[in-house]
There are 2 protein chains.
Amino acid sequence: MNGNNGKAGTEGRTGKSGANTAESVKTLVIHEAVVKKVQKGIPREEILYDLADFFKILGDSTRIRILYALNISEMCVWDLSFVIGISRSAVSHQLKILRQANIVKYRKEGKIVFYSLSDEHIKSFLDNGLEHIEES
Amino acid sequence: MNGNNGKAGTEGRTGKSGANTAESVKTLVIHEAVVKKVQKGIPREEILYDLADFFKILGDSTRIRILYALNISEMCVWDLSFVIGISRSAVSHQLKILRQANIVKYRKEGKIVFYSLSDEHIKSFLDNGLEHIEES
DNA sequence: TCTATATGTGAACATATATTCATATATAGA
DNA sequence: TCTATATATGAATATATGTTCACATATAGA
């Protein structure tokens, strides 16, 4: 779940370069003003990777189904497996990923482990995503 | 970008089954009340797959960087390539995916194609995600 | 029409990853 | 301690997918 971090080198630019007045900028292939503005305003690399990793975890239908199930009620692995229709082993593997990302938490009651969403922030985020999809 | 939709069969359940009174439910491995509540409240399968697909598209660092760049200003392919530090070809491939998902739109001005986020909804969603990550 | 430039895309390759299978661990009760 | 049950996990496999490379397409201007 960390396949995002392969930095890539820049391609050589064949466009004109050199000193540019505010006027001439508009004629360049690279629009310097825009580029500078974006470079200044875009979130830090680390943040962007964290964002991608977070979304990537949500970008799997098994995990999504687990999360929207847990958004309704805490559940044990067995119940999750039953509701989602996938093996308990597969559920367990995905829960591990969700655990490591601090998206779900769990409590033990004897042999049974109950999973739930880790906080209200995740809940509202899931609700937000659902709204977004339902509106399109 | 549609690798989510492999339905999986349910695993055989070895737990006890059959009629259960409200009392006996609590003693089963499968907690029927919870299962029924979740089955009733969980979003439809189609919605869940759409959600997973949407998040999966956001779950790539190249596409995330493109989107958070476009969240600041519309940009042409060349500029995007320069800002993000990845080949124009790779940018173009990713833009195609974002286009097909209606996450970005574009306008042509001569040879140059300017891309931008498709609507305010996407913008607010990206802002939301950023907040979420920055708070953790 | 011919050239230069900006972008788009198919195929190949390398990597990432979700599931299955077998097995391990943990807990409760006899 | 021994058994049954619930969950966890390592390895293997099949599939998915991001980038590169080569080339195609589109537009402007000579």
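Keep in mind that this is a model prediction, so the values were computed, not measured. The chains referred to below are lettered A, B, ... by the order of the sequence lines, with proteins before strands, and numbering in each begins at 1.
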What residues form a salt bridge (Lys or Arg N to Asp or Glu O under 4.0 Å) with A/Lys36, not counting sequence neighbours? A/Glu32
With sequence neighbours excluded, tell me which residues meet salt bridge (Lys or Arg N to Asp or Glu O under 4.0 Å) with A/Lys96. none
Those residues at least two apart in sequence (or on a different chain) that pass ring-ring contact (aromatic ring centres under 6.0 Å, His included) with B/Phe114 are A/His31
Using whole Å, report how far [atom1] of [X] lies from [atom2] of [N].
X        : N      : atom1 : atom2 : value
B/Ile97  : C/dT7  : CD1   : P     : 18 Å
A/Arg107 : D/dT7  : CZ    : C1'   : 15 Å
A/Phe55  : C/dT17 : CZ    : C1'   : 20 Å
B/Leu58  : D/dG18 : CG    : C1'   : 16 Å

Non-hydrogen side-chain atoms of [X] and [Y] separated by less than 4.5 Å:
X        : Y        : value
B/Met75  : B/Tyr115 : no
B/Val104 : B/Ser118 : no
B/Leu117 : B/Leu126 : yes

Using the side-chain heavy atoms of [X], tell me which of these nucleotides is nearest: [options].
X       : options               : value
B/Asp60 : D/dG18, C/dA18, C/dT7 : D/dG18
A/Gln94 : D/dT7, C/dT19, C/dT7  : C/dT19
B/Cys76 : D/dG18, C/dA18, C/dT7 : C/dT7

Contact pattern, 5' to 3', of nucleotides 9-14 of chain D - B, S or - by protein heavy atom under 4.0 Å: BB----
Salt bridge (Lys or Arg N to Asp or Glu O under 4.0 Å) partners of residues 109-125 of chain B, not counting sequence neighbours, each pair once: B/Arg107-B/Glu109
Tabulate atom names and distances for all N/O pairs under 3.5 angstrom spanning the protein and nucleotides 27-30 of chain C.
none

Report the base-pairing partner of D/dT20 (Watson-Crick or G-U wobble, both distances below 3.5 angstrom), or none. C/dA11
Paired to C/dA30 by Watson-Crick or G-U wobble criteria (both distances under 3.5 Å) is D/dT1
Do the ring centers of B/Phe54 and B/Tyr49 come within less than 6.0 Å of each other? no
